[in-house]
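What you see is a predicted model; the values in this text were computed from it and never measured. Counting from 1, the numbers follow the sequence of the chain as shown.
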Amino acid sequence: MINLGVFSLGELGGEGTREPLQPLGRESIRKQPGPGSGPALAVLIEETVSLSRRLQTVIDELHGGEAPSGGRRALLRDLARSGPQTVPQLARSRSVTRQHVQALVNPLAEAGYVELLANPAHRRSRLVDL
C-alpha cells in the first residue's frame with residue numbers, strides 16, 4: 001500500500017478485490033465503473049489538478065511570466081539530458097514531425113535558450129545545443 005497523504009492506493013481498488021485482466025473489446029468498454037472510480041479517485045484527480053496549478057504558478061514566478069511553453073521546456077530537458085542533437089533527431093526521439101520541432105527550436109534560438117551549431121556529420125542539418 002502506498003500512502004499519498006490524503007489516502008492510500010490500497011483504497012482505490014480495495015486490496016485483494018482485483019479482478020483478472022480481460023482482453024479489451026467492445027463489451028469491456030460498456031462495463032459499469034469499477035471500484036476505483038469512487039470518491040478516492042475523485043480526490044486523486046482533484047489533488048493532481050491542484051498540484052498542476054501550483055507548479056504552473058511556480059514556473060511563472062521563476063521565469064517572470066515569460067516561461068517557455070511546456071513543449072519548449074521539454075525540448076530543453078531533452079537537450080540537457082542527451083546533449084546537442086539535430087532537429088530530425090529530436091523529432092524522432094519525440095515521435096513528432098521535424099517541422100513541429102523546428103517550430104519549437106526557432107523561438108528558443110531567438111530568445112537565446114539554444115544555439116544552432118555547425119554539424120560535422122551533415123552540411124545542412126545543424127546541431128541544436130543549450
Query raised in the report: Among pairs that include at least one residue of residues 94-107, which meet side chain to side chain donor-acceptor pair (under 3.5 Å), considering only residues two or more places apart or in two chains?
Result: Asp78-Arg94, Gln102-Asn106
Query raised in the report: Can you name the nearest heavy-atom pair linking Arg72 to Ala103, along with the distance?
Result: NH2-O, 4.4 Å
Query raised in the report: Hey, quick one: are Tyr113 and Leu117 part of the same hydrophobic cluster, counting side-chain heavy atoms closer than 4.5 Å, chains of contacts allowed?
Result: no
Query raised in the report: With Gln89, which residues qualify under side-chain hydrogen bond (donor to acceptor under 3.5 Å, both in side chains), at least two apart?
Result: Thr86
**Report entry** Non-neighbouring partners of Arg54 that pass side-chain contact (heavy atoms from CB on, under 4.5 Å), sequence neighbours left out
**Finding:** Glu47, Ser50, Leu51
Requested in this report: Apply side-chain contact (heavy atoms from CB on, under 4.5 Å) to Leu130 and list each qualifying residue two or more places apart in sequence or on a separate chain.
Outcome: Leu76, Leu79, Ala80, Val114
Report task. Can you sort out the partners of Arg126 under side-chain contact (heavy atoms from CB on, under 4.5 Å), two or more places apart, ordered by chain and number? Result -> Leu116
Requested in this report: Using the rule that two of Ile, Leu, Val, Met, Phe, Trp, Tyr join whenever any of their side-chain heavy atoms come within less than 4.5 Å, decide whether Leu75 and Val87 are in one cluster.
Outcome: yes
Query raised in the report: Partners of Arg77 by side-chain contact (heavy atoms from CB on, under 4.5 Å), sequence neighbours excluded?
Result: Arg73, Ala74, Arg81
